[in-house]
Amino acid sequence: MLNVEITSGKINNKAQKVVIYGPEGIGKSTFAAHFPNPLFIDTEGSTGELDVRRLPVPTSWSYLTWEIDQVKANPDICSSLIIDTADWAERLCINNLCEKNQVSGIEGFGYGKGYVYLEEEFGRFLNRLSDLIDLGINVVFTAHATMRKFEQPDESGAYDRWELKLQKKDGPLLKEWADMVLFANYETFVVKEGSGDMKKAKAKGGRRVMHTVHHPCWDAKNRKGFPEKAEFDYSVIAAAIPDKSVGRPEIPEPAPPVEDPAAAQAMNEPAAVSQPESQTPQTDPVPVSDGSAKAQLYDLMNAHQVTRNQIQDIVTERGYFPAGTPIENYPDDFVKGVLVGAWDQVHKAILDKEIPF
């Protein structure tokens with residue numbers, strides 16, 4: 001007896017994983033802004049001229065993954081999450097790996113290990129984004145394109161082709177993950193002008209087009225039957241992109257409260273001055289865990305509702321660092337040995353400071 005449910009048929013209205021890449025300035029961000037109810041994570045700060053909703057520019061890999069977790073925890077915030085761009089997000093990932101392992105660059109790991117670690121971390125990043133797909137949120141990557149020499153194993157000679165501007169293992173991983181990969185470029189053609197020996201070849205055209213299927217000179221794919229080449233316009237793919245907000249019943253606005261004459265009179269009388277009630281300090285937004293000493297500290301802070309200011313105050317009070325020193329500036333051995341290693345004592349000291357009786 002098979003204990004697994006078997007289903008068949010097409011899965012309609014499934015959120016889409018989309019990659020849009022092309023040369024700089026062709027309009028990738030503008031194209032992505034037409035996705036339903038988009039929310040941008042602008043890793044390179046290039047959407048300043050667009051009237052779009054955006055999260056703060058992530059300054060670290062941990063902050064980027066934390067922002068995605070925030071979207072997952074609040075799925076009604078958008079219908080499409082735009083990562084603009086994939087190659088700048090990858091830079092944050094590389095910086096994070098190098099800082100954790102105290103190497104100067106991805107080649108510093110030796111024997112190609114850095115690229116393997118990068119692929120693993122980038123793969124976990126894509127898995128995190130796949131959780132949004134399950135919630136009905138489209139995930140869209142924009143990316144820059146670069147031209148590289150390519151040599152087929154069964155043919156002699158090499159030729160130029162457009163590829164994602166990512167490291168050698170991350171590019172194929174992102175293409176495999178995506179439902180559709182769209183390559184945008186300027187359509188140009190060469191004409192010869194002049195007469196006789198004075199003929200010169202000139203490039204003309206410049207129309208923006210979008211390629212949707214694989215070609216020896218670029219990568220692209222789709223599962224929706226798009227034309228191989230089309231105008232670089234969102235209307236070409238709009239019918240294939242679901243919007244989870246469509247069809248939701250509108251929540252009526254609450255009726256205005258009925259005015260109470262006695263309450264209105266009380267409003268005109270001077271209010272008695274009351275002492276503010278003490279409130280439990282709110283936890284600062286902190287990055288998700290990535291295995292480092294500071295990430296372990298952040299997890300403990302989240303679990304015990306401890307703020308950054310409380311940590312900084314207790315560290316200053318004990319004479320470890322001057323007032324105002326950010327947690328990010330604490331050495332890892334101090335964080336791991338003093339704060340994480342003795343967390344029970346640190347937490348008790350914070351509680352005793354907040355509630356002296």
Side-chain angles (χ1 to χ4, degrees), residues 10-44 46-47 50 52 78-90 122 125-126 129-130 132-133 136-148 150 160-167 170-188 205-244:
K10 294 183 178 180
I11 302 176
N12 295 321
N13 297 322
K14 177 178 177 292
Q16 296 294 295
K17 298 174 285 189
V18 183
V19 175
I20 308 160
Y21 77 109
E24 63 280 356
I26 198 169
K28 300 180 292 293
S29 301
T30 302
F31 184 96
H34 288 88
F35 276 74
N37 191 20
L39 177 65
F40 276 73
I41 298 182
D42 186 358
T43 60
E44 64 175 16
S46 63
T47 63
L50 298 178
V52 295
C78 65
S79 298
S80 306
L81 180 66
I82 319 296
I83 311 294
D84 187 20
T85 59
D87 33 303
W88 280 63
E90 185 191 52
F122 202 75
F125 177 62
L126 296 179
L129 290 169
S130 293
L132 302 185
I133 297 295
I137 300 174
N138 303 302
V139 178
V140 182
F141 276 98
T142 65
H144 294 99
T146 187
M147 190 171 285
R148 294 186 176 123
F150 181 78
D160 293 330
R161 71 189 311 270
W162 289 100
E163 295 182 359
L164 289 164
K165 194 177 180 181
L166 295 173
Q167 296 296 334
D170 292 347
L173 189 65
L174 181 58
K175 289 183 292 184
E176 293 169 10
W177 173 85
D179 294 314
M180 62 180 77
V181 178
L182 308 174
F183 172 55
N185 202 3
Y186 299 100
E187 185 178 45
T188 57
R207 182 172 67 105
R208 296 186 309 158
V209 296
M210 176 173 61
H211 301 280
T212 67
V213 297
H214 181 80
H215 185 276
C217 293
W218 56 76
D219 291 310
K221 70 174 185 179
N222 81 91
R223 297 168 178 151
K224 303 294 184 179
F226 299 143
E228 293 186 12
K229 182 173 70 173
E231 293 287 338
F232 187 42
D233 190 280
Y234 179 74
S235 61
V236 175
I237 68 168
I241 307 299
D243 183 355
K244 69 186 181 71

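Here the closest heavy-atom approach between residue Lys165 and residue Thr146 is recorded as CA-CG2, 4.0 Å. Looking at every heavy atom in both residues, Asp179 comes nearest to Ala15 through OD2-O, 4.0 Å. Across every non-hydrogen atom of Ser29 and Ser46, the tightest pair is OG-OG, 4.0 Å. Closest heavy-atom contact between Cys78 and Ile137: O-CG1, 3.9 Å. Heavy atoms only, all atoms of each residue included: Ile241 and Tyr234 are closest at CB-OH, 3.5 Å. Between Lys224 and Ala240, the shortest heavy-atom contact is CG-CB, 3.8 Å.
Test Val19, Val181, Thr85 against Phe141 for side chain to side chain contact (heavy atoms under 4.5 Å, CB included) and you get one pass: Val19.
For the pair Tyr21 and Trp218, the minimum side-chain heavy-atom distance is below 4.5 Å. With a 4.5 Å cut-off on side-chain heavy atoms, Phe40 and Val140 do not count as touching. Proximity of Leu173 to Phe125: side-chain heavy atoms (C-beta onward) are nowhere separated by under 4.5 Å. In this structure, Pro23 and Asn185 have side chains that are in contact, with non-hydrogen atoms separated by less than 4.5 Å.
In this structure, Gln16 contributes its side chain and Lys14 its backbone to a donor-acceptor pair below 3.5 Å. When atom types are taken as modelled, the side chain of Glu90 and the backbone of Asp170 share no donor-acceptor pair closer than 3.5 angstrom. Remark: the backbone N or O of Thr47 is paired with a side-chain donor or acceptor of Asp42 at under 3.5 angstrom. Listed for the Thr212 side chain is no donor-acceptor partner under 3.5 Å among the backbone atoms of Leu182. Side chain of Asp87 to backbone of His144: a donor-acceptor contact under 3.5 angstrom is found. Formation of a donor-acceptor pair under 3.5 Å by the Arg207 side chain with backbone atoms of Glu187 is not found in this model. Within the 3.5 Å criterion, the main-chain N or O of Trp177 finds a donor-acceptor partner in the side chain of Lys17.
Summarising the geometry, atom CD belonging to Glu163 is positioned 10.5 Å from atom CZ belonging to Phe183; distances are rounded to the nearest 0.5 Å. Rounding to the nearest 0.5 Å gives a distance of 9.5 Å between CG of Asn138 and NZ of Lys244. Distance check: Trp88 CH2 to Thr142 OG1 gives 12.0 Å after rounding to the nearest 0.5 Å. To the nearest 0.5 angstrom, Asp84 atom CG is 6.5 Å from Thr43 atom OG1. Atom CG of Leu164 is separated from atom CG of Leu166 by 5.0 Å, given to the nearest 0.5 angstrom. To the nearest 0.5 Å, atom OG of residue Ser80 and atom CG of residue Asn37 are 7.0 Å apart.
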Please lay out, stage by stage, how Phe226 and Met180 fare under the test side chain to side chain contact (heavy atoms under 4.5 Å, CB included).
CA-CA 10 Å; Phe226 299 143; Met180 62 180 77; 3.9 Å; yes
For a side chain to side chain contact (heavy atoms under 4.5 Å, CB included) check, start with the C-alpha distance between Phe35 and Ile237, then their side-chain angles and the critical distance, and finish with the verdict.
CA-CA 10 Å; Phe35 276 74; Ile237 68 168; 3.9 Å; yes
Verdict with reasoning, Phe232 to Ile20, per side chain to side chain contact (heavy atoms under 4.5 Å, CB included):
CA-CA 11 Å; Phe232 187 42; Ile20 308 160; 4.2 Å; yes
The test is side chain to side chain contact (heavy atoms under 4.5 Å, CB included); show your working for Leu81 and Ile83 and say whether it passes.
CA-CA 7 Å; Leu81 180 66; Ile83 311 294; 4.1 Å; yes
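The 12-atom threshold is exceeded at NE2 of His214, counting heavy atoms of other residues, nucleotides or ligands nearer than 6.0 Å.
A salt bridge links Lys175 with Asp219: the closest approach of a Lys/Arg side-chain nitrogen to an acidic carboxylate oxygen falls below 4.0 angstrom.
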